[in-house]
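Encoded as structure tokens, the structure appears first; notes follow it.
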Amino acid sequence: MTKVYVGMSGGVDSSLTAALLVEQGYDVTGVYMKNWTQDLPGMKCPWADDLADAKRVAVQLGIDFKVFDFENEYKQKVVDYMIDEYKLGRTPNPDIMCNQEVKFKIFLETALEDGADLIATGHYARVADGKLLQAVDTNKDQTYFLYRVTGEALTKTLFPLGEFTKPEVREMAKERGLFTAGKKDSQGICFVGQIGIREFLSQYVEQKAGSIIDKQTGKVLGQHDGAIFYTIGQRHGLDVGGGLPYYVVGKDMEMNEVYVTTNLNDDALWRPELTIASVHWINETPQPGEYQIRVRHRATLIATELSFNEGGSVNLHLGNAERAVAAGQSVVIYHDDVCIGGGIVS
RNA sequence: UGGGGAUUCGCCAAGUGGUAAGGCAUCGGCUUUUGGUGCCGACAUUCGGGGGUUCGAAUCCCUCAUCCCCAG
């Protein structure tokens, strides 16, 4: 009997994932990954509640349940990475790093060592022949967050939810009477939870006043308390009013200055061409040519001409310019339904 | 110091006798397993202060204050 370790977060998706695998005849073990347990000012970390929920469902399903403690790894590989990137003035995507380093690496390794044959998670994605495919529910597809997983890891991974839509998942969870059937979807960076990225960062970074400058006139419009807290395309949090809305179009980390404009067509806001580094291919390296890309989770796929640069970076010529693509964000590349990999915007 | 103009929510800005538009910002919510975007809702009993005219004024008159422009 195939032994599967299911990552259970205490949410509906992973709960149903475990239930489906049991029904499919696998020998299922539920695993709660303890990645972050710190409370933050103004927000209680929900890990204890999530753990309790995951455990309840495991009991309901009559499966074994374990807790894997990855707090150190998570702090180093995900949180520190995120903070370092922000300090460089970039805008990282910690959840992608979490999948690369924790769920599909340490968790996978630990599970295999512990006797598992396969692992499973509640991601909306599909695997076929070691390839990563978009979920049937394209509206909910989460392959964007998974492009840094290796093809080898995928051969040992099951994504049972990839065949269903979110409403179906909720319905099935309800039919089975799972404790978590009615639980609200989590959102935002898992560990940051309810508080914003800004509040989180200010725990680790010193706040320093700087100027908000109008790119068009050069006038100082106001003050902010750290260029690190702003990202390109951002509108809110500037506290600058009068006439049209202002959007962030750039920043200077050295000078601690944030540049804004009311011009929606500003060149800095639109990227018809992207260069990505730290490129990762799930399977084999693709040939230059026509592909589709996605610049953020849930964005529609857009046609792209892919070519390779000297030094390994990849150049992407977009069919339509994308708005507010920040350095540090990920571009994920698709060939029809297959997610073939991607890279990080330079 | 003469002459002219201005003063409406944190910001921009309608409104010239009939009982305070709108936009930005902000706050709250929705959307979303990243940042961000977007959407919805809330947001001046009050119009620089004080008098007066009028049934009734932000809108007319007087006066004080502040700011701006031209003369010096």
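Below, chain A is the first sequence line, B the second, and so on; all start at residue 1. Basis for what follows: all heavy atoms, side chains included, without hydrogens, waters or symmetry-related copies.
Smallest separation of non-hydrogen atoms from A:Ala18 and A:Leu61: CB-CD1, 3.7 Å.
Going from the P atom of B:rC55 to that of B:rU66 covers 35 Å, rounded to whole Å. Atom P of B:rC40 sits at a distance of 11 Å from the matching atom of B:rC24, rounded to the whole Å. Taking the C1' atom of each, B:rG10 and B:rC69 are spaced 27 Å apart, rounded to whole Å. Separation of the P atoms belonging to B:rG5 and B:rC62 is 12 Å when rounded to the nearest angstrom. Rounded to a whole angstrom, the distance from the C1' atom of B:rC68 to that of B:rG28 is 40 Å. If you take atom P in B:rG22 and the same atom in B:rG15, they sit 15 Å apart, rounded to whole Å.
Both A:Arg323 and A:Asn139 lie close to RNA chain B; mapped to their nearest nucleotides by heavy-atom distance, the more 5′-ward contact belongs to A:Asn139. Nucleotides of RNA chain B nearest to A:Tyr144 and A:Gly233 differ in position, and the one nearer the 5' end is that of A:Tyr144.
A:Gln329 contributes a side-chain N or O that forms a donor-acceptor pair with the base of B:rU34 under 3.5 Å.
For the pair A:Glu23 and A:Arg176, the salt-bridge criterion is met [side-chain N within less than 4.0 Å of a carboxylate O].
Between the NZ atom of A:Lys251 and the C1' atom of B:rG36 there is a distance of 12 Å, rounded to whole Å. Between the C1' atom of B:rU34 and the CZ atom of A:Phe145 lies a distance of 5 Å, rounded to the nearest Å. When the P atom of B:rG35 is taken as reference, atom CD1 of A:Ile83 falls 15 Å away, rounded to whole Å. Atom CE of A:Met82 and atom P of B:rG36 are 11 Å apart (whole Å). Nucleotide B:rG10 holds its P atom 20 Å from the CD atom of A:Gln223, rounded to whole Å. Between the C1' atom of B:rU34 and the NZ atom of A:Lys103 lies a distance of 12 Å, rounded to the nearest Å. Between the C1' atom of B:rU37 and the CD1 atom of A:Ile197 lies a distance of 16 Å, rounded to the nearest Å. Distance A:Arg90 CZ to B:rG35 P: 17 Å, rounded to the nearest Å.
Using cut-offs of 30° and 60° for the angle between ring planes, the A:Tyr147 and A:His280 rings count as perpendicular. Between A:Phe104 and A:Phe159, the ring planes lie perpendicular to each other; the angle is over 60°, past the 30° to 60° tilted range.
Pairs of residues two or more places apart, or lying in two chains, that qualify as salt bridge (Lys or Arg N to Asp or Glu O under 4.0 Å) and include a residue from residues 4-22 of chain A are A:Asp13-A:Lys166. Applying the salt bridge (Lys or Arg N to Asp or Glu O under 4.0 Å) definition to pairs two or more places apart or across chains, those involving residues 127-147 of chain A are A:Lys140-A:Asp185, A:Asp141-A:Arg294. Residue pairs satisfying the salt bridge (Lys or Arg N to Asp or Glu O under 4.0 Å) criterion with at least one member in residues 112-126 of chain A, sequence neighbours excluded, are listed as follows: A:Lys66-A:Asp114, A:Arg126-A:Asp337.
Looking at heavy-atom distances under 4.0 Å, A:Lys140 makes contact with sugar-phosphate atoms alone, never a base.
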Where protein sits on nucleotides 24-29 of chain B, one letter per nucleotide: B base, S sugar-phosphate only, - none, heavy atoms under 4.0 Å = BSS---

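Here the CG atom belonging to A:Asn283 is positioned 8.5 Å from the CG atom belonging to A:Leu132, to the nearest 0.5 angstrom.
Among the nucleotides B:rU34, B:rG38, B:rG36, the one closest to any side-chain atom of A:Thr231 is B:rG36. For A:Lys184, the listed nucleotide lying nearest its side chain is B:rC30; candidates were B:rG38, B:rU33, B:rC30. Nearest nucleotide to the A:Tyr247 side chain, out of B:rU33, B:rG35, B:rG38: B:rG38.
Among the candidates A:Lys208, A:Arg198, A:Glu206, the single residue satisfying the side-chain contact (heavy atoms from CB on, under 4.5 Å) test with A:Asp225 is A:Arg198.
Evaluation of the side-chain contact (heavy atoms from CB on, under 4.5 Å) rule for A:Leu88 yields A:Glu85, A:Arg90 as partners, not counting sequence neighbours.
In this structure, A:His123 does not reach the B:rU33 phosphate: none of its side-chain N or O atoms is under 4.0 Å from OP1 or OP2.
Ring centers of A:Phe229 and A:His224: at least 6.0 Å apart, outside the cut-off.
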RNA chain B base-pair string [pairs: Watson-Crick or G-U under 3.5 Å; |: paired with another strand] = ((((((((.[[[..)..(...]]].(((((.......))))).....[[[[[..)....]]]]]))))))).

